[in-house]
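Only one structure is covered here, and it is reproduced in the block below.
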Amino acid sequence: MSTLSTRTLTFTGLAAVAAFGLAACGDGGGQAAGGQGGDESVTVTVVTPYLANAATGEAIDLFTAEGEERGWTVSVVDTAGDMNRLNSAFQDAAAQQPDAIVLGTGDPAQISLGLRAAGDAGVPVFAIDAGEDEGIAANVTSDNTDLGEQSAQALIDEVGADGRVLMLTHDPHPGVRERAEGARAVFEEAGVEILDQVHVEVPGPVDDARTSVQDALSARGTGDDGITGIWGGWDEPALGATQALQAANVDDVPVVGVDGQDFAVAEIEKGGPFVATVKQDWPAIAAEVASLIEALVEDGVEPEQRQYELSGTLITQE
């Protein structure tokens with residue numbers, strides 16, 4: 001197995017952000033941001049609807065470790081896919097007045113009430129792998145369009161320009177939605193036919209994707225006029241697709257995913273249907289969010305931009 005080169009695209013503020021910890025600009029900015037100030041421990045509340053997702057769980061664990069290394073108190077609230085509860089969880093967090101709230105993946109458009117509550121309470125909101133929004137001081141994520149493009153090209157390399165692919169998506173997540181848009185553009189430019197775009201439920205994406213692919217195999221078959229490849233918006237539905245193919249004894253339909261989770265890399269190393277994924281740099285993303293919070297809360301330095309994007313690394317069978 002080998003990794004291809006990484007392309008850094010729009011993460012233009014890294015050097016400036018790295019300097020935040022050395023800056024001392026503020027007249028009370030840290031106090032205004034969260035109300036702690038002085039020598040008291042910084043408190044951060046992470047709110048997420050996707051903690052059960054492997055990538056989200058990893059990113060939040062890494063962020064929690066980053067905070068604890070800084071002496072912070074970090075708490076995590078999971079709404080288990082319930083977007084209505086996500087809004088109320090944000091409102092509850094704002095009422096507690098931590099120094100900062102972090103949206104641990106998710107769509108800011110679905111938590112307008114929660115963001116308003118945080119703004120009214122004077123609590124800054126940051127995000128990991130979410131979306132850009134006026135209510136969020138900064139979102140640190142991967143270049144999701146690039147993740148989609150890299151993964152789609154990896155699938156084209158397997159199926160050819162006359163391929164017919166099934167896409168497994170999840171539009172409520174802005175990152176997955178953006179990846180799907182990037183992948184679709186690459187497929188369409190190459191002339192690859194998109195047979196269907198199937199929404200994958202969360203929680204339970206492995207099981208849901210496995211069932212959806214089983215149904216698609218029964219309805220469409222493989223080979224001539226059937227499915228020749230499967231694109232997963234993240235690794236878990238790609239794993240479900242792999243399991244469905246293996247259960248059906250189909251060995252000529254490649255699968256690609258996104259995230260670079262350990263289980264995906266292990267499947268790729270086996271040489272089975274799962275042929276590629278694009279690894280996100282979760283340690284760098286988590287560290288950057290922590291640095292941005294530290295700069296604002298402790299030094300009063302605002303983020304220079306609302307969106308920070310890192311590139312991913314393609315992992316393939318080789």
Side-chain angles (χ1 to χ4, degrees), residues 1 3-11 50 52-59 62 104-107 128-131 139-159 165-187 192 194 197-202 205-206 208-209 212-213 229-243 254-269 273-286 309-317:
M1 181 185 69
T3 57
L4 302 187
S5 61
T6 301
R7 291 191 291 138
T8 302
L9 298 178
T10 57
F11 190 53
Y50 295 128
N53 172 262
T56 300
E58 179 184 356
L62 288 165
T105 78
D107 189 348
I128 297 171
D129 190 32
N139 174 46
V140 184
T141 185
S142 294
D143 182 340
N144 282 289
T145 298
D146 182 53
L147 300 184
E149 292 171 347
Q150 288 198 61
S151 54
Q153 187 57 57
L155 189 56
I156 293 170
D157 291 345
E158 296 286 334
V159 304
V165 303
L166 180 70
M167 295 184 67
L168 305 175
T169 65
H170 185 79
D171 283 353
H173 188 287
V176 176
R177 187 167 65 241
E178 190 175 332
R179 288 171 218 166
E181 291 170 358
R184 275 195 298 270
V186 171
F187 289 142
V192 170
I194 300 171
Q197 299 175 70
V198 179
H199 173 77
V200 176
E201 293 290 344
V202 176
V206 176
D208 190 58
S212 293
V213 171
I230 299 175
W231 180 89
W234 69 107
D235 283 339
E236 282 157 312
L239 178 61
T242 298
Q243 293 173 350
V255 179
V256 301
V258 173
D259 278 342
Q261 294 302 123
D262 289 345
F263 67 82
V265 175
E267 285 294 327
I268 292 169
E269 289 176 337
F274 206 143
V275 299
T277 185
V278 186
K279 186 172 182 61
Q280 299 198 65
D281 193 347
W282 293 122
I285 290 172
E309 296 182 344
L310 285 74
S311 59
T313 304
L314 181 67
I315 300 173
T316 61
Q317 289 177 338

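This chain uses plain numbering: 1 for the first residue, then up along the sequence. We use all heavy atoms of the structure for the numbers below, so side chains are in, but hydrogens, waters and symmetry mates are not.
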* Is the centre of the His173 ring less than 6.0 Å from the centre of the Trp234 ring? -> no
Any idea which heavy atoms bring [X] and [Y] closest together, and the distance?
X      : Y      : result
Ala54  : Glu236 : N-OE2, 3.3 Å
Gly131 : Pro174 : N-CG, 4.0 Å
Ala238 : Val256 : CB-O, 3.7 Å
Pro237 : Leu168 : O-CD1, 3.6 Å
Ala286 : Ala59  : CB-O, 4.0 Å
Gly104 : Thr56  : O-CG2, 3.7 Å

* Would Val202 and Asp208 count as a side-chain contact (heavy atoms from CB on, under 4.5 Å) if you check the C-alpha gap in whole Å, the side-chain angles of each, and the deciding distance to 0.1 Å? -> CA-CA 8 Å; Val202 176; Asp208 190 58; over 6 Å; no
* Could you give me the CA-CA distance, side-chain angles and deciding distance for Ile194 and Trp231, then say whether side-chain contact (heavy atoms from CB on, under 4.5 Å) is met? => CA-CA 10 Å; Ile194 300 171; Trp231 180 89; over 6 Å; no
* **Qualifying residue, where the test is side chain to side chain contact (heavy atoms under 4.5 Å, CB included) with Asp259 and the options are Glu58, Gln280, Lys279** => Gln280
Taking the side chain as everything from C-beta on, heavy atoms only, tell me whether [X] gets closer than 4.5 Å to [Y].
X      : Y      : result
Ser142 : Arg179 : no
Pro205 : Tyr50  : no
Asp129 : Ile285 : no
Val192 : Val186 : no

* Check: Thr145/Glu178 side-chain N/O donor and acceptor closer than 3.5 Å -> yes
* Asked: Side chain of Asn139, backbone of Ala130: donor and acceptor closer than 3.5 Å?
  -> yes
* Asked: Any donor and acceptor pair, going by atom type alone, linking the side chain of Asp235 with main-chain N or O of Gly260 inside 3.5 Å?
  -> yes
Nearest 0.5 Å please: distance from the [atom1] atom of [X] over to the [atom2] atom of [Y].
X      : Y      : atom1 : atom2 : result
Glu149 : Ile156 : CD    : CD1   : 10.5 Å
Asn144 : Glu309 : CG    : CD    : 7.5 Å
Gln153 : Phe187 : CD    : CZ    : 9.0 Å
Phe274 : Thr242 : CZ    : OG1   : 5.5 Å
Thr141 : Asp281 : OG1   : CG    : 11.5 Å

* To do: Give the C-alpha distance, both sets of side-chain angles, the deciding distance and a yes or no for side-chain contact (heavy atoms from CB on, under 4.5 Å) between Asn53 and Thr105.
  => CA-CA 10 Å; Asn53 172 262; Thr105 78; over 6 Å; no
* Which residues pass the salt bridge (Lys or Arg N to Asp or Glu O under 4.0 Å) test with Arg184, sequence neighbours left out? -> none
* To do: Any chance you could lay out the side-chain contact (heavy atoms from CB on, under 4.5 Å) test for Ile315 and Val265, step after step, and finish with the verdict?
  => CA-CA 8 Å; Ile315 300 173; Val265 175; 4.0 Å; yes
* Structure fact -> Across all chains, not counting sequence neighbours, the side chain to side chain donor-acceptor pair (under 3.5 Å) partners of Glu158 are none
